[in-house]
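Below is one structure, written out as C-alpha cells; comments come after it.
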Amino acid sequence: MNLDVRNAEKAIVYINGAYWGVYDIRENPTNTIIPNIITDRINTICNTSRHGEIHGQSMADQPLFLTGQPCIVIS
Amino acid sequence: MTNSMANAANYNYVNNLYDGTSLVDYVIANAMTVCSDWLNYNTGWWRGMDSTGTHRRWGYILWDNDATFGHYINYTGIPNTSAYADICDPEGLTTINSDPEGHIQVLNRLRQNPDFNQFYISRIIDLWNTVFSCDNMIGQLDSIVAKLDPEMSAHANRWNGTYAEWLLNVDTLRTFILNRCNNLATGINSCYSLNGPYEITLTADPISAGGIKLNTLVHDSLPWTGSYFGGW
C-alpha cells in the first residue's frame, strides 16, 4: 500500500530487573530515523495525536510513554 | 478547496504536490478496519525536501490504530462502529468535529475527477481482494497470536489479567474481522451502485509468460482468482 508505517517488533520488557510484560518496539519518526527509512529529508510531520497510549494497564504506570506529538518541523 | 478537480489543469496542479493515491490508501485502511480514532486525531502526513528524493509529494503515515475492529472509543464520531459499517462511511465525515483538517473534503473534491474516482473505487475492491481479504487478515492475526501466545500467561499475571481473558479477546477480534471481510461486498454494492461480486480468474499461456495488471495491482503469481463487481 502507498502508506508509511512505523516498523515494529515485539519485545519482552524488564525495567530495572522487574518483569514488565510484552510490548512493541516502534520506530520513532524523528528527523534522525525517518530519513534512514525513506532517504528523504522531511520538513514537516503533522500528527494530531493527543498522547501516546498504552492499553491494558494503568496509564499511571507508564509515564515514559506519555509523549505529546504536535507537528514536528525539521529544518 | 474551491477549484474543481474535474478541470484537468487544476487536478494536475494538485497531483504534482499531493499524492492522492496515498490519501486513498489511508482512507481505505481506516475504513476497512472501522477505525474510530482518526482524522480528528492520529493523522500524519509528510513530504521529503531532498530534490533527488522519492517522496516529494505529500503522503500519509498510519498512526495509532488501536481504535479499530470494534475496540476502544469512537472519538471521530463515525456513524457505525460495527463490523457491518459501510465502506463509504468515511466519505461523510466532513464536519469540523470529525475531520477538522479536511482530509475527507480533499478526497471528495478529488473524486470530482473521473480518473481519480475510478481509481478510488477500484482500489477499494483491489484491496478487499488482497490486503483486507479474510485469508490475509486472519493469517496476519494468527501470526501475531502465535508470536504472543507463549508469553501471555506471564504478561497477564503481571498486569492482573488472565490468559483465558486474553484468549477471549482474541476470539472477539477474530469474529469482528470475519464479520467485516465477509460482509464488505454488500456495502461496496450499496455505496457505489454496483452488482456482484463475480469470481474472475487470471491466467496466461504459458503460465510463466508474465504478470497481469488488474486495476491498481499486478498479479505475478498465476493463475489468480478474485472477486470483482459489475454495473460501473
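So you know, we letter chains A, B, ... as the sequences are listed, proteins then strands, and number each from 1. The structure presented is a predicted model; accordingly, all values stated were derived computationally and were not measured.
Of the listed residues (Thr21(B), Asn65(B), Asn157(B)), the one with the most heavy-atom contacts under 4.5 Å to chain A is Thr21(B).
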* Could you walk me through whether His155(B) and Tyr19(A) pass the side chain to side chain contact (heavy atoms under 4.5 Å, CB included) test, one step at a time? => CA-CA 9 Å; His155(B) 181 93; Tyr19(A) 180 75; 4.1 Å; yes
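No more than 12 heavy atoms of other residues, nucleotides or ligands sit less than 6.0 Å from atom NZ of Lys147(B).
Heavy atoms of Leu23(B) lying under 4.5 Å from chain A are absent altogether. Neither the backbone nor the side chain of Ile28(B) comes within contact range of chain A; no heavy atom of the residue lies under 4.5 Å from a heavy atom of that chain. For a residue to count as touching a neighbouring chain, one of its non-hydrogen atoms must lie under 4.5 Å from one of that chain's; by this rule Leu3(A) touches chain B with backbone and side chain alike. Within the 4.5 angstrom heavy-atom criterion, no atom of Leu217(B) approaches chain A.
Pairs passing the side-chain hydrogen bond (donor to acceptor under 3.5 Å, both in side chains) check and including a residue from residues 131-145 of chain B, sequence neighbours excluded, read Asp142(B)-Arg174(B). Annotation: salt bridge (Lys or Arg N to Asp or Glu O under 4.0 Å) contacts involving residues 104-128 of chain B, sequence neighbours excluded, comprise Asp25(B)-Arg123(B), Glu91(B)-Arg111(B).
Contact record, Trp20(A) with Trp159(B): O-NE1, 3.0 Å, taken as the closest heavy-atom pair.
Residues Met1(A) and Phe132(B) meet the side-chain proximity criterion, which asks for heavy atoms closer than 4.5 Å.
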